[in-house]
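Hydrogens, waters and symmetry mates play no part in the numbers below; they use all other heavy atoms, side chains included.
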Amino acid sequence: MRTKKLTNKLFFPALLLLVFSFLFCGIFMDFAISDTYDFVWNWSTQGFINQHIRDGRPLYGLLSKLIYPNITSITELKYVRFITLVFLFSFSIYLYHLLLKHNFPKVKSMFIVILFLTTPFVGITAHWVVLCLAALALLLIIIAGDIAMAAFVYRKEINRSSFIIKLVISGILGVLVLNIYQPIYPLFILPVFLCFINQKNTKGLWYFLCFHLAIYALYFVFYKFSLDAMGLVASGRVGEGFSGKKLIWFIKGGLLMSWQHSFIFLKQNLLVAIRLITGIAILFFIVRQVKTISNNSKVEYVLTLFGFYILAYLPSFLAADTWISYRTTAGVALITTILLIMAFHEIKLPYYFSNILSALVVSFALISAFYNNYYSIAQVQSNEYNSTKNAIRENVSKGLPSSITIIAPKGDLLNRLHVVPFLVTDEFGLQSTTKSWVHTPIVKQLLYEITGQREEVNKIPITIFDNKNPVNDSLKNTSMIVDFDVILKNFYKNKKINSY
């Protein structure tokens with residue numbers, strides 16, 4: 001009997017290890033992504049921490065100071081990505097037990113966790129080192145929400161001091177998460193959302209929602225104080241940007257992006273079909289639920305459900321920044337995942353058959369997510385890193401250059417080379433050097449890795465030309481030329497490998 005219980009307890013962690021091994025097998029390649037090059041090279045500048053304060057993430061900046069000083073080579077970033085996976089694994093275990101705690105079916109709970117792991121949000125978080133702290137924030141916020149929920153649900157059964165202590169701990173964790181990475185904080189509402197799905201109303205849960213908003217207010221006060229104390233102005237991306245148009249922006253952006261699941265590289269007509277299928281499944285779930293509640297509560301139920309979607313995207317919904325990226329979709333992606341799997345649970349078929357349908361959907365999502373992660377992130381970035389490093393090494397065999405000239409690459413290069421079908425936001429299928437802030441750090445970092453002379457490398461003047469400006473003859477004769485397009489073209493020509 002004990003052996004059977006132990007086997008049952010270990011089954012899901014073992015399954016999770018298999019899923020992680022499949023989805024994230026590319027994390028041990030040598031690569032960095034976009035901002036990571038900038039962070040690795042420029043972490044010691046005052047502008048580094050100031051920018052994070054302006055963005056409302058001072059704790060992110062401070063914690064980053066524990067990471068990047070210890071990174072001397074891009075190769076070492078694999079250890080940071082491994083730690084990120086530890087955070088994501090811990091979050092997955094906690095999420096699974098939280099679903100069971102709120103009476104979700106065991107098998108469906110497994111599918112919910114695994115399907116969430118296939119989302120583009122998790123894929124980019126696992127591979128992009130600058131998001132390693134977002135993975136930590138995920139774990140902290142699900143704990144914070146669970147603690148607050150326990151306080152409010154059992155407030156009549158516990159003494160006042162215990163109630164206050166729970167709220168203080170939860171509030172501190174919530175403020176910490178907001179100071180690390182704001183888009184993660186909406187997952188604080190997950191326990192109350194799970195309760196809503198089970199009891200089909202928010203009776204007794206408004207105190208929790210008010211507390212959740214109060215943490216936002218406390219964070220905002222701290223944010224304004226930090227800006228005033230440092231004599232800084234708020235970043236444009238976190239300024240107030242709420243308007244009626246944002247509702248349409250949210251539906252077209254965050255909501256529909258979550259309805260695509262991991263199938264982000266399908267052609268547009270197939271993506272529309274995926275969204276339609278997801279929408280129909282969620283509508284089916286809603287119809288099944290409203291049949292069991294009174295007529296005067298049906299509209300309230302639907303509006304509340306949509307309200308949870310808004311709350312799950314609230315920081316981005318209120319901010320001035322209108323750029324849509326998968327880095328901000330954790331909350332809406334998890335809500336969509338839960339609703340989709342529970343829609344299968346509502347089908348009037350034998351229980352094992354609904355599990356088979358769920359397993360098929362999750363299996364296709366796993367295959368799609370593997371492509372997203374391995375081929376369009378890890379392999380693309382690793383190829384760029386290694387080919388650029390080899391090209392620079394050939395140019396410094398006789399010593400450091402007196403100057404460097406960089407030719408900025410074109411953004412559609414990988415598409416024209418048939419390496420990826422197209423790019424998805426700025427996160428999948430795009431080499432890092434297309435970003436203007438990556439040109440100088442990547443070249444200096446690679447020179448440092450090759451020569452070990454950081455101070456000397458940092459003194460080398462760098463000139464950057466866009467792809468419309470010709471390099472003048474004097475620079476051609478006296479400077480080391482780094483043309484990212486030529487480097488990658490030669491690399492893929494020699495390898496003769498197409499990813500699709």
Side-chain angles (χ1 to χ4, degrees), residues 12 15-16 19 91-92 94-119 121-122 142 145-146 149 186-187 189-203 205 254-263 274-293 297-298 300-313 329-366:
F12 181 65
L15 177 62
L16 212 53
V19 170
F91 167 81
S92 301
Y94 201 106
L95 173 60
Y96 172 67
H97 286 288
L98 187 63
L99 289 164
L100 295 182
K101 180 179 177 180
H102 287 274
N103 301 316
F104 280 70
K106 187 174 183 179
V107 176
K108 294 297 192 300
S109 297
M110 292 183 187
F111 287 141
I112 287 171
V113 175
I114 295 172
L115 187 57
F116 179 68
L117 290 174
T118 70
T119 61
F121 163 77
V122 175
I142 196 173
D146 192 25
M149 194 67 181
L187 269 79
I189 66 168
L190 180 60
V192 76
F193 175 73
L194 298 179
C195 282
F196 172 75
I197 293 299
N198 280 325
Q199 65 189 39
K200 304 178 184 64
N201 61 62
T202 54
K203 183 179 179 181
L205 302 178
L255 183 61
L256 289 183
M257 283 170 69
S258 75
W259 285 14
Q260 294 172 186
H261 308 289
S262 65
F263 304 104
I274 294 293
R275 293 170 187 164
L276 185 61
I277 292 170
T278 303
I280 291 172
I282 291 175
L283 180 61
F284 170 75
F285 175 81
I286 293 172
V287 170
R288 292 280 296 171
Q289 296 302 299
V290 297
K291 281 184 177 180
T292 63
I293 58 181
S297 299
K298 295 182 187 298
E300 179 186 343
Y301 174 84
V302 175
L303 291 177
T304 303
L305 189 58
F306 184 71
F308 274 111
Y309 261 120
I310 296 293
L311 289 175
Y313 207 65
T329 59
V332 289
L334 186 51
I335 286 180
T336 292
T337 299
I338 292 169
L339 294 179
L340 179 66
I341 296 299
M342 293 312 294
F344 289 114
H345 186 66
E346 292 295 325
I347 297 176
K348 289 184 176 180
L349 291 170
Y351 184 70
Y352 70 89
F353 193 75
S354 73
N355 284 340
I356 291 174
L357 285 176
S358 299
L360 286 173
V361 170
V362 172
S363 297
F364 283 122
L366 279 167

CA sep, side-chain torsions, deciding dist, call: Met257, Val332, side-chain contact (heavy atoms from CB on, under 4.5 Å): CA-CA 9 Å; Met257 283 170 69; Val332 289; over 6 Å; no
As an exercise, state the distance from [atom1] of [X] to [atom2] of [Y], rounded to the nearest 0.5 Å.
X	Y	atom1	atom2	answer
Ser262	Leu117	OG	CG	11.5 Å
Leu95	Ile142	CG	CD1	4.5 Å
Tyr94	Phe91	OH	CZ	11.0 Å
Ser363	Ile356	OG	CD1	11.0 Å
Ile310	Leu305	CD1	CG	11.5 Å
Gln289	Glu346	CD	CD	5.0 Å

Would you check if the side chain of [X] reaches a backbone N or O of [Y] as a donor-acceptor pair within less than 3.5 Å?
X	Y	answer
Ser258	Ala333	no
Lys106	Leu100	no
Ser109	Tyr96	no

Partners passing salt bridge (charged side-chain N to carboxylate O under 4.0 Å, His left out) against Lys101 (at least two apart in sequence or in another chain):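 For Lys101 the salt bridge (charged side-chain N to carboxylate O under 4.0 Å, His left out) partners, ignoring immediate neighbours, are Asp146.
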For the student: nearest non-hydrogen atoms of [X] and [Y], plus distance:
X	Y	value
Ile274	Trp259	CG2-O, 3.6 Å
Phe111	Asn355	CE1-O, 3.5 Å
Lys108	Ser358	CE-OG, 3.7 Å
Pro105	His345	CG-CE1, 3.4 Å
Ala343	Ala281	CB-O, 3.3 Å
Ala312	Pro186	O-CB, 3.3 Å

So [Y] and [X], do their side chains get closer than 4.5 Å, heavy atoms only?
X	Y	result
Thr118	Phe263	no
Val192	Ile189	yes
Leu98	Phe104	no
Ile112	Leu99	yes
Ile338	Met342	yes
Thr337	Val113	no
Thr336	Thr119	no
Phe193	Leu339	yes

Return yes when atom CZ of Phe364 has more than 12 non-hydrogen atoms of other residues, nucleotides or ligands closer than 6.0 Å, and no otherwise.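 At most 12 heavy atoms, drawn from other residues, nucleotides or ligands, come within 6.0 Å of this atom.
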How would you list, by chain and number, every residue that makes a side-chain contact (heavy atoms from CB on, under 4.5 Å) with Thr304, sequence neighbours excluded?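 Here the qualifying residues are Phe196, Thr202, Glu300, Phe308.
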Distance alone, cut at 3.5 Å: any donor-acceptor contact between the side chains of [X] and [Y]?
X	Y	result
Lys200	Ser297	no
Tyr313	Thr329	no
Thr278	His261	yes

Candidate pair Ile293 and Val290, rule side-chain contact (heavy atoms from CB on, under 4.5 Å), full reasoning: CA-CA 5 Å; Ile293 58 181; Val290 297; 4.3 Å; yes
